[in-house]
Structure formats: structure tokens, C-alpha cells
Amino acid sequence: MKLSAFIELSAEQKRFAVLKEGVPIAKWDDLHHMVFLFQLPQFYVETYCSKESKIIDEFRVFPSPDHLGPYLQAIPINNLLD
């Protein structure tokens with residue numbers, strides 16, 4: 001799926017596409033959300049899930065790994081080398 005096609009999907013269709021085609025990479029929490037990062041074949045998607053309702057409130061898409069700096073900094077490289 002191309003990024004342009006994903007953007008045009010409804011929220012339910014985006015949810016289905018992320019769960020079907022996406023590979024979960026990372027998770028973090030803020031005050032109100034659990035944020036999951038998924039890799040799809042041509043882009044990345046963050047899903048912002050409400051902690052209260054468990055519903056996805058927002059999808060954020062990244063066309064390249066250039067926007068993944070905060071995630072990459074959180075990976076403990078030393079542990080991977082052991």
C-alpha cells in the first residue's frame with residue numbers, strides 16, 4: 001500500500017491496514033495515550049490509542065526513517081551487541 005492510499009482510508013480501514021500489514025516496532029506512553037509504532041512496506045505509522053477507551057484517536061504517518069530519531073535513541077545498542 002502506498003502512503004497516499006493509506007491517507008485516504010477511513011479510520012477503521014487504517015486500523016485494519018496497520019494491524020494486517022504493519023510490523024510492530026515500538027511502544028511508548030504519554031499521559032492519555034499508548035503510542036504504537038508500526039512499519040508498513042513503504043512508510044511508518046504511529047497509532048495514538050486512548051488509555052481510557054482503547055480506541056485509536058490518531059494516526060501519524062512517516063514516509064521515511066528520518067523521523068524516527070526518538071525511537072532509535074531509545075534502543076539499547078550495547079545490549080544488542082552482547
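Note that these values count all heavy atoms, side chains included, but never hydrogens, waters or copies made by symmetry. All figures in this text were calculated on a predicted structure; none of them were measured in a lab.
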Beyond-backbone contact of Leu40 with Val45, side-chain heavy atoms, under 4.5 angstrom: yes
Derivation of the side chain to side chain contact (heavy atoms under 4.5 Å, CB included) call for Thr47 and Arg15: CA-CA 9 Å; Thr47 59; Arg15 180 185 163 282; over 6 Å; no
Single-linkage hydrophobic cluster Leu3~Phe62, side-chain heavy atoms < 4.5 angstrom: no
Phe38 to Leu19 - nearest heavy-atom pair and separation: CZ-CD2, 4.4 Å
Stepwise side chain to side chain contact (heavy atoms under 4.5 Å, CB included) check, Lys51 with Met34: CA-CA 6 Å; Lys51 287 183 177 179; Met34 296 176 293; 4.0 Å; yes
Spacing of Ser4 atom OG and Phe43 atom CZ [to the nearest 0.5 Å]: 9.0 Å
Positive for side-chain hydrogen bond (donor to acceptor under 3.5 Å, both in side chains) with Asp29, one of His32, Lys27, His33: Lys27
Met1 side chain near Gln42 side chain, heavy-atom distance below 4.5 Å: no
CG-SG distance between Asp57 and Cys49, expressed to the nearest 0.5 angstrom: 8.0 Å
Aromatic ring pairing Trp28/Tyr48, orientation class (parallel under 30°, perpendicular over 60°, tilted between): perpendicular
In one Ile/Leu/Val/Met/Phe/Trp/Tyr side-chain cluster, 4.5 Å: Val18, Ile7: yes
Side-chain heavy-atom pair Phe36, Ile56 within 4.5 angstrom cut-off: no
Enclosure of Lys20 NZ (heavy-atom neighbours >12, cutoff 6.0 Å): no
NZ/NE/NH1/NH2 to OD/OE distance under 4.0 Å, Glu12 and Lys14: no
Sole residue of Val35, Ile25, Val61 in side-chain contact (heavy atoms from CB on, under 4.5 Å) with Glu46: Val35
Co-membership, hydrophobic cluster, residues Val23 and Leu37, 4.5 Å side-chain: no
